Amino acid sequence: MRIVTATAVALALAGQAAPAATAHQPTTDGIWRMDGYGTVLSIRNGTFQEYQTTAVSCLKGDSAQRTGPNTYTMPDGTVLTVRNQGNRDRGFLRVEGSVGDRNLRRIPELPDACARPAPKGPLAAFDVFWQSFEENYPFFSAKGIDWHAVRDQYGPQVHVGTTRDELYAVFSEMVKPLYDAHVAVQDGDLVFAQVRPGTVVPTEELDAKVKKFIVARDLKNARNLQDFANGRITYADLPGGQGYLRISGFGGYAGDGAPCAAQLTELDRALDTVLNQERTQRLKGLVIDLRINGGGSDALGIHIAERLTDTPYLAYSKRARNDPADPTRHTRPQPAYVTPARGPRYTGPVAVLTGGSTVSAGETFTQALMDRPGKTVRIGQPTQGVFSDVMQRKLPNGMSAWLPNEEFLTRSGRTFDGTGIPPHLTEPVFTKDEFDKKRDSAFDRALNVLRNCGGTTS
């Protein structure tokens, strides 16, 4: 049940007694099958236990302990909410930091496979690895990958004597052609993952290098330069009356391991300062720089978008594969809306800077601004092209596979997985030539665009 909303490249529950059920609050204890996600849940006596299922396997996944009414907390601090949905046999699961719910249907008992010991050899690991992608990965067709041919090619290389290192290499070769930054193979500290060709991983080192460059070049004459949220958010007032807001991720605002509530408090502290009453009234434009953004919580992105509109609108809809045998079938799309925040809001022209190092939640935030009322222009390069939450699937030999299974849809039903969200205006983004010549073409283009907007705030 672990939900990872940042790029897979960066990857390196004493419970309380259950509250008594009432006529108005049916108990959620029991066995539940999730719509999509290859998951069955057991909730009993204050313990939440995930079972990861395929046609060939059932393996115990993550667990959590009840920490409040309808809430369960995992060892890493992630909070899960489970509630009934109208009657005792339907329910939903919400994962803190993610957008949308996962629908649940009560079933009488665990699948038979969950009661049997799972085979642990390399052949079993291969079967579960291949089947996990076969039943959940949405993008084989779009990427031109015949997954059955991949099994036929690599299956004969695996036998009872295959070592862990050899199996790790086989799995890595199998998923390499996907070029999907939300796909990874993990064996302890070893992680194989890769970004789309021609793009760069948004590492901490790159983030520091780019931030130093921007402060020295783009913000050298700026006022009120200030960092927030553990350095993940930077704001400055530019000489021409525009504002510059840099966001390098949607998490880590309150330090590693801090709960979502703490992250949200730090974000609001930043936004209350940046988008105060005085500034929102005088700004002639706002540059939002997402060019180095490793992702995080989609919900935090929606929270920022709520400070940038006076009118509610659809950010995107989210759906997941839910038929193991048919990749064209999905859960019902769940809409995610941007609702205007209370207090000051900025509604004027916005220039969003993006690039190949704009990943995951950085991309869902970009998508949440696409239908924003008022002028919004994207400048730079296409984003990375990975939007889904990431499923961690455990393998019988202790290794793990990481893969996406969701799509984020625009109002017209379009997705940008694989290709990324394109800019309206194309400019180079932190290339060697740009660094060598001390140029920031996308930033300069953004200022020109905002100056030509006439400084309107509606």
Side-chain angles (χ1 to χ4, degrees), residues 1-5 28 30-43 48 50-55 58 61-62 70 78 80-107 111 131-143 147 180 182-183 297-299 301-302 314-337 360-361 363-364 367-368 385-393 401-418:
M1 187 50 50
R2 183 162 301 136
I3 305 303
V4 183
T5 49
T28 56
I31 310 299
W32 301 88
R33 184 179 294 279
M34 196 177 294
D35 186 9
Y37 301 89
T39 297
V40 171
L41 306 177
S42 171
I43 304 176
F48 171 110
E50 172 197 36
Y51 291 86
Q52 301 175 355
T53 63
T54 71
C58 176
D62 289 318
N70 302 307
T78 301
L80 313 173
T81 301
V82 184
R83 294 184 184 274
N84 291 93
Q85 198 170 56
N87 62 64
R88 69 178 303 275
D89 293 326
R90 299 285 177 173
F92 68 85
L93 168 74
R94 178 169 296 168
V95 183
E96 186 181 45
S98 184
V99 172
D101 302 324
R102 302 183 180 189
N103 290 326
L104 306 174
R105 177 174 55 86
R106 192 184 294 274
I107 58 177
Q131 196 72 32
S132 295
F133 280 85
E134 167 71 5
E135 296 184 7
N136 295 289
Y137 192 72
F139 311 122
F140 287 126
S141 178
K143 293 175 181 285
W147 191 237
D180 189 323
H182 273 174
V183 168
S297 167
D298 299 324
I302 292 285
L314 178 69
Y316 43 72
S317 294
K318 181 178 177 179
R319 69 182 186 181
R321 269 198 64 178
N322 72 340
D323 188 331
D326 187 350
T328 68
R329 299 191 62 174
H330 302 83
T331 59
R332 184 188 301 272
Q334 289 193 34
Y337 293 97
S360 194
E363 301 183 83
T364 66
Q367 189 167 352
V386 291
F387 296 77
S388 173
D389 292 343
V390 180
M391 303 169 64
Q392 182 193 21
R393 307 303 281 185
W402 303 73
L403 67 153
N405 70 321
E406 301 168 338
E407 295 176 327
F408 282 63
L409 311 176
T410 65
R411 185 170 50 187
S412 64
R414 180 178 179 181
T415 70
F416 297 96
D417 288 279

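Only heavy atoms go into these numbers, but all of them, side chains included; no hydrogens, no water, no symmetry mates. Predicted model, so just to flag it, every value in this text is computed and none were measured. All residue numbers in this chain count up from 1 along the given sequence.
Annotation: the span from R105 atom CZ to Q85 atom CD amounts to 13.0 Å, rounded to 0.5 Å. Taking CZ of R102 as the start and CZ of R94 as the end, the distance is 12.0 Å to the nearest 0.5 Å. In this structure, the separation between CE on M34 and OG1 on T331 is 11.5 Å, given to the nearest 0.5 Å.
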Practice task
Would you check, one step at a time, whether the test side-chain contact (heavy atoms from CB on, under 4.5 Å) holds for F408 with Q367?
Solution key: CA-CA 9 Å; F408 282 63; Q367 189 167 352; 3.7 Å; yes

Exercise for the section: Starting from the C-alpha separation in whole Å, work towards a yes-or-no answer on side-chain hydrogen bond (donor to acceptor under 3.5 Å, both in side chains) for E135 and Q131. Expected result: CA-CA 6 Å; E135 296 184 7; Q131 196 72 32; 2.9 Å; yes

Practice task
Apply the test side-chain hydrogen bond (donor to acceptor under 3.5 Å, both in side chains) to residues T364 and D298: give CA-CA distance (whole Å), side-chain angles for both, the deciding distance (0.1 Å), then the verdict.
Solution key: CA-CA 6 Å; T364 66; D298 299 324; 2.8 Å; yes

Exercise for the section: Mind running side-chain contact (heavy atoms from CB on, under 4.5 Å) on R83 and L104 for me, showing each step along the way? Expected result: CA-CA 9 Å; R83 294 184 184 274; L104 306 174; over 6 Å; no

Problem - Candidate pair N103 and R90, rule side-chain contact (heavy atoms from CB on, under 4.5 Å), full reasoning - result: CA-CA 8 Å; N103 290 326; R90 299 285 177 173; over 6 Å; no

Handout entry: Test log, rule side-chain contact (heavy atoms from CB on, under 4.5 Å), inputs T410 and F416
Key = CA-CA 9 Å; T410 65; F416 297 96; 3.5 Å; yes

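Side-chain contact between N136 and Y37 is absent, with no heavy-atom pair separated by less than 4.5 Å. Residues P111 and V40 are in side-chain contact: their nearest non-hydrogen atoms beyond the backbone lie under 4.5 Å apart. Within the 4.5 Å cutoff, no side-chain heavy atoms of E134 are placed close to those of T54. Counting heavy atoms from C-beta on, the side chains of I43 and W32 come closer than 4.5 Å. Residues D389 and P404 form no side-chain contact, since every pair of their non-hydrogen atoms from C-beta on lies 4.5 Å or further apart. Residues W402 and V183 have side chains not in contact (no heavy-atom distance under 4.5 Å, counting atoms from C-beta outward). For the pair R393/L403, a side-chain contact is recorded, criterion being any heavy-atom separation below 4.5 Å from C-beta on.
Checked against side-chain hydrogen bond (donor to acceptor under 3.5 Å, both in side chains), D417 has no partners two or more places apart in sequence or in another chain. Residues that satisfy the side-chain hydrogen bond (donor to acceptor under 3.5 Å, both in side chains) test with Y316, not counting sequence neighbours, are absent from this structure. For S141, the side chain to side chain contact (heavy atoms under 4.5 Å, CB included) criterion is met by no residue, not counting sequence neighbours. Residues meeting the ring pair (Phe, Tyr, Trp, His ring centres under 6.0 Å) test with F140, sequence neighbours left out: Y137, W147. Under the side-chain hydrogen bond (donor to acceptor under 3.5 Å, both in side chains) criterion, R319 pairs with E407, not counting sequence neighbours. In this structure, the side-chain hydrogen bond (donor to acceptor under 3.5 Å, both in side chains) partners of D35, at least two apart in sequence or on a different chain, are N322.
No side-chain donor-acceptor contact under 3.5 Å links T53 to the backbone of C58. A donor-acceptor pair is defined here as one N or O able to donate and one able to accept, closer than 3.5 Å; such a pair exists between the side chain of R321 and the backbone of D323. Checking side-chain atoms of N84 against main-chain N and O of G86 turns up no donor-acceptor pair under 3.5 Å. At least one donor-acceptor pair closer than 3.5 Å links the side chain of E363 to the backbone N or O of V386. Remark: the backbone N or O of G97 is paired with a side-chain donor or acceptor of S297 at under 3.5 angstrom.
Minimum heavy-atom separation, A299 to V99: N-CG2, 3.7 Å. Between Y51 and S42, the shortest heavy-atom distance links the atoms CE1-CB, 3.9 Å. Between L41 and E50, the shortest heavy-atom contact is CD2-CA, 4.1 Å. Closest approach of V82 and F48 over heavy atoms only: CG2-CE1, 4.0 Å. Taking both residues in full, the closest heavy atoms of L314 and P335 are given as CD1-CB, 3.6 Å, listed atom of the first, atom of the second, then distance.
Salt-bridge annotation for K318 and D101: absent, with no side-chain N of the basic residue lying under 4.0 Å from a carboxylate O of the acidic one.
Looking only at atom types and distance, the side chain of S360 has a donor-acceptor partner in the side chain of H182 under 3.5 Å away.
A 6.0 Å sphere centred on CZ of R106 holds more than 12 heavy atoms belonging to other residues, nucleotides or ligands.
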